[in-house]
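Notes for the one structure printed next.
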Amino acid sequence: MPEYTKPLPIPSPETQPFWDACKRHELSLPYCAACDAFFFYPRQFCPTCFSWDIEWRRCSGKGTLYTFAIQYRPQMPGFTPPYVTAIVQLDEGPRLLTNLVGIDPSPETLRCDMPVEVTWEDATDEITLPLFRPAS
Amino acid sequence: MSLKQRVAIVGADETDEIGIVPNKTPIMLHAEAARNALRDAGIDKSEVDAVFTCGVGFMASTQLAEYLGIIPKYTDSTATGGSSFEIYVEHAAAAIHAGLCSVALITHGETGHSGRMRRGGGGRGAFDASLPAAQFEMPYGVGGAPSAYCMAAMRHMHQYGTTSEQLAEIAVATRKWAQLNPRAMMREDLTIEDVLASRWIAYPFHIYDCCLVTDAGGAVVVVGADRARDFRKKPVWVLGTGEASDHQSLLGMADITTTPARYSGKAAFEMAGVSHDDIDVCEIYDSFTYTALVTLEELGFCAKGEGGAFVSNQRTAPGGDFPMNTNGGGLSYTHPGMYGMFILIEAVRQLRGECGARQVPGAKLALVNGTGGTLSATGTLILGAD
């Protein structure tokens with residue numbers, strides 16, 4: 001595996017299950033039984049009702065492109081412009097910030113609300129990042 | 001208990017030089033701006049008993065008070081980025097009205113341009129890897145403000161049909177104000193075609209949609225109504241204030257096309273008891289053209305989604321019927337990082353009638369709206385002259 005030069009997340013106790021699932025190529029999000037709703041980013045409690053009764057549930061990995069931008073200047077080390085930053089609206093409700101890959105990064109090809117699906121970047125032995133691509 | 005007209009701004013000034021000031025550190029700029037603002041008011045430093053500031057280390061207000069040789073009864077280092085300084089005015093009004101202090105000094109100083117060469121010399125600390133953004137944003141190459149605001153703008157364009165031309169209207173109108181201001185950094189002619197032909201920073205932002213990165217400092221002095229007429233210049237009354245924050249990250253926004261100015265603006269208008277039509281001049285934080293456009297909607301100057309139409313036909317330019325960002329804005333005047341101090345100073349100068357070629361004739365009522373973070377926190381002020 002070539003050396004990975006982009007910033008890597010350092011999992012915290014409350015986010016470790018998310019990153020563990022990513023390693024298995026599963027998108028798993030915290031779920032509040034009281035609200036009957038997923039939320040993101042992971043916390044030990046539901047940010048809506050403040051219930052601490054949280055479970056982890058697997059998500060479909062499908063969603064839509066809520067919004068995006070084409071970054072023409074690297075904002076972080078390791079990125080080669082142009083690259084697409086995206087906020088994906090998951091079918092299950094929450095939004096994730098991610099990169100859109102598998103598409104030409106041009107104003108002509110990208111549009112909000114296009115269907116997208118998760119794909120995986122095994123960055124290191126410890127960290128796999130959920131990226132998204134146009135839905136097949 | 002309303003804070004309406006309980007306090008006034010009696011001193012306001014900037015550092016001697018703004019723009020590229022390589023020979024001064026941030027705290028030097030704070031001190032120079034403080035000296036100039038106190039001189040503007042005709043108040044001796046020994047009278048200052050409250051310090052409001054951020055951006056000079058972990059304990060900014062105590063750091064600055066020590067540096068200036070002030071023993072404050074009241075300090076506040078609320079850090080909401082570019083809106084901190086509008087929020088300090090509200091906090092100062094509350095503290096003065098409560099009798100906790102009497103002369104409040106609010107300072108700013110940043111070397112956004114020259115400080116790139118000497119990180120660690122003050123300003124913002126290293127990012128905490130345990131915070132959510134380090135795990136869920138930075139690994140995807142989102143960091144600086146342009147990389148985030150552009151995604152909010154993209155959704156606004158998709159949802160409401162806002163166009164690049166409409167964003168460019170703001171860049172061009174603001175440049176025309178800058179051409180009337182000898183201290184503005186960018187004064188060359190600029191057309192909508194120039195903006196649209198310029199390079200992308202982060203689509204949908206062209207370079208002219210983005211603010212400058214400069215060095216600058218500013219300060220204001222706030223006193224209670226009982227003393228407001230004792231100083232060199234006529235008071236600028238604080239008639240309405242509001243502050244709000246509803247997220248830190250863009251991911252925390254239920255609707256990414258909004259800003260908390262909808263809350264802070266409403267509070268400020270209610271306190272002041274004035275209507276939108278009463279406002280003579282607006283100073284709206286323009287970190288990006290989009291920031292100003294969306295803020296006009298959130299403040300209620302037009303309906304949601306109609307900001308693009310509102311700013312069309314150079315409405316906000318000199319001679320237009322909605323004078324906005326009359327110093328030339330963060331886009332063309334100066335923008336050291338947390339620009340909110342400079343919209344505050346410009347509003348004071350307009351209400352005093354000190355603005356020369358760019359003076360809005362007969363300006364009696366000004367609205368100032370600071371925005372900090374990633375559209376995260378806003379402070380709105382309605383200021384008035386006698």
Side-chain angles (χ1 to χ4, degrees), chain A residues 4 6-16 18-19 39-43 47 65-89 94-101 105-108 110-114 121 123 127-132, chain B residues 126-164 196 198-207 209-210 213 246-258 288 290 374-375:
Chain A
Y4 190 83
K6 298 172 185 174
L8 282 166
I10 302 170
S12 51
E14 59 189 350
T15 67
Q16 190 70 54
F18 175 83
W19 295 112
F39 63 90
F40 196 78
Y41 46 88
R43 295 108 150 139
L65 186 60
Y66 179 63
T67 192
F68 68 93
I70 307 171
Q71 308 291 344
Y72 287 88
R73 291 211 304 199
Q75 299 287 331
M76 290 286 152
F79 284 86
T80 306
Y83 62 96
V84 181
T85 55
I87 297 178
V88 166
Q89 175 81 60
R95 295 181 196 139
L96 265 58
L97 204 152
T98 184
N99 294 126
L100 191 70
V101 297
S106 119
E108 284 72 43
L110 297 158
R111 60 180 173 79
C112 291
D113 292 340
M114 63 191 283
E121 178 165 20
I127 293 293
T128 294
L129 293 169
L131 308 184
F132 283 74
Chain B
F127 199 85
D128 183 342
S130 74
L131 292 178
Q135 290 189 60
F136 300 111
E137 298 187 11
M138 292 163 74
Y140 306 103
V142 171
S147 66
Y149 278 73
C150 54
M151 289 194 283
M154 187 70 242
R155 183 70 197 182
H156 195 280
M157 295 168 88
H158 174 77
Q159 206 158 301
Y160 298 111
T162 307
T163 65
S164 294
L196 298 181
S198 67
R199 63 189 171 91
W200 298 115
I201 295 297
Y203 173 81
F205 286 162
H206 293 92
I207 191 167
D209 288 305
C210 304
V213 181
D246 64 1
H247 64 279
Q248 173 67 24
S249 157
L250 294 179
L251 287 176
M253 300 177 78
D255 179 349
I256 202 173
T257 68
T258 66
F288 303 94
Y290 171 74
T374 47
L375 299 159

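Scope of the values below: all heavy atoms of this structure, side chains included, with no hydrogens, waters or symmetry mates.
Within the structure, every pair that satisfies the side-chain hydrogen bond (donor to acceptor under 3.5 Å, both in side chains) test and touches residues 65-81 of chain A, not counting sequence neighbours, is listed here: A:Gln71-A:Thr85.
Looking at A:Pro105, neither its backbone nor its side chain comes within 4.5 Å of chain B, counting heavy atoms on both sides. Looking at B:Ile201, both its backbone and its side chain come within 4.5 Å of chain A, counting heavy atoms on both sides. Only the backbone of A:Leu96 comes within contact range of chain B, judged by heavy atoms closer than 4.5 Å. A:Phe68 touches chain B through backbone and side chain together, each having a heavy atom under 4.5 Å away.
For the set A:Asp113, A:Leu65, A:Ile127, A:Val84, the entry with the most heavy-atom pairs within less than 4.5 Å of chain B is A:Asp113. Among A:Gly78, A:Pro11, A:Cys112, A:Pro42, the residue with the largest count of heavy-atom pairs under 4.5 Å with chain B is A:Cys112. Counting heavy-atom pairs under 4.5 Å between each of A:Pro130, A:Pro94, A:Pro47 and chain B puts A:Pro130 at the top. Counting heavy-atom pairs closer than 4.5 Å to chain A, the top-ranked of the candidates B:Ser147, B:Gly252, B:Gly143 is B:Ser147.
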Pairs under 3.5 angstrom only: tabulate donor-acceptor contacts from the side chains of residues 129-140 of chain B to other protein residues two or more places apart or in another chain.
| residue | atom | partner | partner atom | Å |
| --- | --- | --- | --- | --- |
| B:Ser130 | OG | B:Asp128 | OD1 | 2.9 |
| B:Ser130 | OG | B:Asp128 | OD2 | 3.4 |
| B:Gln135 | OE1 | A:Thr15 | OG1 | 2.7 |
| B:Gln135 | OE1 | A:Trp19 | NE1 | 2.8 |
| B:Gln135 | NE2 | A:Ser12 | OG | 3.1 |
| B:Glu137 | OE2 | B:Ser249 | OG | 2.2 |

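Here the straight-line distance linking atom OH of A:Tyr41 with atom CG of B:Leu251 works out to 9.0 Å at 0.5 Å rounding.
Residues that satisfy the side-chain hydrogen bond (donor to acceptor under 3.5 Å, both in side chains) test with A:Gln16, not counting sequence neighbours, are A:Asp20.
Side-chain N or O atoms of A:Arg95 include one that pairs as donor or acceptor with a backbone N or O of B:Met253 at under 3.5 Å.
In A:Glu121, the CD atom is crowded: over 12 heavy atoms of neighbouring residues, nucleotides or ligands sit closer than 6.0 Å.
Proximity to chain A at a heavy-atom threshold of 4.5 Å picks out B:Met151, B:Met154, B:Arg155, B:His158 from residues 151-164 of chain B, in numerical order.
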